[in-house]
Amino acid sequence: MKVVIVGGVAGGATAAARIRRLSEKADITIFERSGYISYANCGLPYYIGEVITDPDELTLQTPESFNRRFNINVKIKHEVTAIHPEKKAVTVKNLENGKIFEENYDRLLLAPGAKPAVPPIPGVESDKIFTLRTVEDTFRIKKYIEESKPKTAVVVGGGYVGFEMAENLRSLGTEVSIVEQSDHLLAPFDSDMASFIHSEARKNGLSLFLKNSVTGFFEKENKIEVSLKNGPTISADLVILAVGAVPETSLAKSAGIRLGIRGSIVVNDKMETSVRDIYAVGDAVQIKNFVTGEPALISLAGPANKQGRIAADNICGGNSRYTGSQGSSVIKVFSLTAAATGLNETSAKAAGLDYEKVILSPLSHAGYYPGGKVMTVKVIFEKRSFRLLGAQIVGYDGVDKRIDVIAAAIRAGMKANELKELDLAYAPPYSSAKDPVNMAGFMIDNIKNGILKQWFIEDLASIIKNKNVTLLDTRTPAEFARGHIEGFKNIPVDDLRERLFEVEKGKPVYVICQSGLRSYIACRILSGNGFDAYNFSGGFRFFDAVMNERRLVENAFPCGMDK
């Protein structure tokens, strides 16, 4: 069996190695357009930022090492320019000498990935504007930085690549501005959770131009002027364009392969395309969102590698199936860690789901053991079924551990309230006897059983307008004095039983504290004494962070600058 693979990065290289492990007799050839295979795409920004200092660390395999270990014929700087399904052949161009030839196949695997989107903005062709996809792109940016020593940079796009580039440029001492069309960075996170990300970015010197877009690039006095739709012109020495990626599917289209959303390649759960004996994997393919069951584009290394393995199994006569991706991801945000899995509120609404949420602020490990730090956890679930839909966590230690537990729970089909039943490892330096994931489960179980009723930031305006309610802050007087919501009465939770006479009977009571725990205890005291009590999910710490960020965005000045 002769197998030809187009693209030798995550999905293509994984498939090639798996095919060889399954069959010593297969004739395997990889054609890779760039000069590198099996490289650490996600590590490229960290080489630019000098966190990774050895360029050889970016390539997990070379063509020579891949051939020695797996007996696979790797052709770098070779571009497949056409597919001929009727004669099971591809046309290939050697990019070094221009030679064009045909290669036959029994099975063809497409792993072309996605290319950076380049919008038609005036001046975008400037040699001071870069995109990042390949090792060669990385070296070009690195060389420009070493030679030009840019003092200022603009990153257009606040997704994962954009933010990682901004952070790494900042670590080199460059003044960096991020321009983002949305009202927040990092789309997998809701805007409320992104408040903590914005605050950390601001603290580390990034300027954020949110709800904004670039209208043009103009070179002036050896700099590039970046014109904004809703803001000033920013002068920069360097621009990184990171506004998203487009599936690289021109080959598939010309071969008559069925395409799906945003021109991606449609595959079944065996990674087969609409054309017999042609498979496709990675960022170029349309897959199923594991949570909603709807078609999706999820460009992440983990799914690409899994898809490569599954395609390889099926190429070799197996029956492996890809059940979809839930988009689990994690990112370093200077000192913070931010992670997400499954649906956020925006995607849950778009899917038409009737959902509920809990927000909590547990410590990363036992409070009595030194060094514990607060994390903010948001879990989203379906109201009536309690199906677990997704989660977001922002914090310091242990964020990745908790998001992986919830990701596994989603994959296993657990109900959100069943998170309370998970038997998780505990020792004081690592966790608490009630792990943050368990705590989320306890809260959701209380909602299921009618013990906990909640209110959220979006409810505040209507609550305050309602004169027939009681607003109660159960923190200490010192905490209350440092900041509170106007109209709330301060009765510390430990004084509440003795001061119940101050809470008017017959009115709903909306309660808040710093993190949500004391206000929950207050709600139980109130409920036990005949009051209809609602707890603020997330606490005043969460409220204050979100409202501060909203004011910055609404006032339309960059988050890294003074008003």
Side-chain angles (χ1 to χ4, degrees), residues 7 9-12 14-15 18 42 109-114 159-160 187-189 244-249 252 257-274 278-315 318-330 339-353 355 379-382 385-392 403-416 418-419:
V9 191
T14 294
R18 175 67 171 173
C42 300
L109 174 65
L110 303 178
Y160 278 20
F189 298 87
V246 180
E248 186 84 83
T249 58
I257 293 171
R258 183 184 167 204
L259 302 183
I261 54 176
R262 291 177 57 195
S264 57
I265 302 170
V266 174
V267 293
N268 61 18
D269 59 0
K270 298 181 74 172
M271 309 313 298
E272 295 171 320
T273 71
S274 61
I278 301 180
Y279 298 73
V281 301
D283 295 353
V285 306
Q286 171 183 297
I287 53 92
K288 181 177 73 173
N289 184 299
F290 181 80
V291 179
T292 65
E294 295 299 315
L297 281 177
I298 298 178
S299 299
L300 293 168
N305 277 277
K306 294 180 185 72
Q307 293 160 19
R309 179 185 174 92
I310 288 166
D313 287 353
N314 294 318
I315 285 170
N319 190 31
S320 292
R321 306 277 174 166
Y322 186 66
T323 56
S325 172
Q326 62 209 59
S328 301
S329 58
V330 64
T341 188
L343 305 185
N344 58 22
E345 281 198 74
T346 302
S347 51
K349 286 176 184 174
L353 297 172
Y355 68 90
V379 179
I380 298 170
F381 57 95
E382 210 165 21
S385 70
F386 287 85
R387 179 167 68 105
L388 194 53
L389 299 176
Q392 302 152 63
I403 206 71
D404 282 345
V405 169
I406 297 174
I410 292 174
R411 181 64 56 163
M414 292 181 65
K415 302 292 186 185
E418 291 175 338
L419 294 175

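Predicted, not measured: the structure shown is a model, and the values here were computed from it.
Side chains of Lys270 and Asn319 form a contact here, defined as non-hydrogen atoms less than 4.5 Å apart. Counting only heavy atoms from C-beta outward, the side chains of Leu343 and Ile380 never approach each other to under 4.5 Å. Between Lys288 and Glu294, the closest side-chain pair of non-hydrogen atoms is not below 4.5 Å. In this structure, the side chains of Gln307 and Val267 stay at 4.5 Å or more apart for every pair of heavy atoms. Contact annotation: the side chain of Ile287 never approaches that of Pro303 to less than 4.5 Å [non-hydrogen atoms, C-beta and beyond]. Between Glu382 and Leu353, some side-chain heavy-atom pair lies under the 4.5 Å cut-off.
By the neighbour-count criterion of 12 heavy atoms within 6.0 Å, atom CZ of Arg258 is sparsely surrounded, having that number or fewer from other residues, nucleotides or ligands.
Scanning for side chain to side chain donor-acceptor pair (under 3.5 Å) contacts around Asp283 gives an empty result, with sequence neighbours left out. Applying the salt bridge (charged side-chain N to carboxylate O under 4.0 Å, His left out) test to Arg262 and every residue at least two apart in sequence or in another chain returns nothing. Not counting sequence neighbours, Arg309 has no partner by the salt bridge (charged side-chain N to carboxylate O under 4.0 Å, His left out) test. Annotation: side-chain contact (heavy atoms from CB on, under 4.5 Å) contacts of Gln286 (sequence neighbours excluded): Ile261, Ser264, Val266, Pro295. Looking at residues two or more places apart in sequence or on another chain, you find a side-chain contact (heavy atoms from CB on, under 4.5 Å) between Glu418 and Met414, Lys415, Glu421. Looking at residues two or more places apart in sequence or on another chain, you find a side chain to side chain donor-acceptor pair (under 3.5 Å) between Ser329 and Tyr160. For Asn305, the side-chain contact (heavy atoms from CB on, under 4.5 Å) partners two or more places apart in sequence, or in a different chain, are Ala10, Thr14, Ala301. Partners of Ser299 under the side chain to side chain donor-acceptor pair (under 3.5 Å) rule, at least two apart in sequence or in another chain, do not exist in this structure. Residues that satisfy the ring-ring contact (aromatic ring centres under 6.0 Å, His included) test with Phe381, not counting sequence neighbours, are Phe386. For Asp404, the salt bridge (charged side-chain N to carboxylate O under 4.0 Å, His left out) test picks out no residue, with sequence neighbours left out.
A donor-acceptor pair under 3.5 Å links the side-chain atoms of Thr249 to the main chain of Gly263, judged by distance alone.
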Next on the checklist: side-chain contact (heavy atoms from CB on, under 4.5 Å) for Leu388 and Val379? Distances and angles first, verdict last.
Outcome noted: CA-CA 8 Å; Leu388 194 53; Val379 179; 3.6 Å; yes

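Closest approach of Ala245 and Ala114 over heavy atoms only: CB-CB, 3.8 Å. Residues Leu297 and Pro247 approach most closely at CD1-CG, 4.0 Å, considering heavy atoms. Closest approach of Ser320 to Ile310, counting heavy atoms only: O-CG2, 3.6 Å. Residues Leu110 and Ala252 come closest through the heavy atom pair CD1-CB, 4.2 Å. Shortest non-hydrogen contact noted between Tyr279 and Asn314 is OH-O, 3.7 Å.
Sorted by first and then second residue, the pairs that involve residues 342-351 and meet side chain to side chain donor-acceptor pair (under 3.5 Å), not counting sequence neighbours, are Asn344-Ser347, Glu345-Tyr355, Glu345-Lys357, Glu345-Lys378.
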Between side-chain atoms of residues 405-412 and protein atoms elsewhere (two or more places apart, or another chain), which donor-acceptor pairs fall under 3.5 Å?
residue, atom, partner, partner atom, Å
Arg411, NE, Gln326, OE1, 3.4
Arg411, NH1, Thr323, OG1, 2.8
Arg411, NH2, Gly324, O, 3.0
Arg411, NH2, Gln326, OE1, 3.4

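Here the CD1-CD1 distance, from Ile278 to Ile315, works out to 11.0 Å after rounding to the nearest 0.5 Å. Atom CG of Asp313 is separated from atom CZ of Arg321 by 12.0 Å, given to the nearest 0.5 angstrom.
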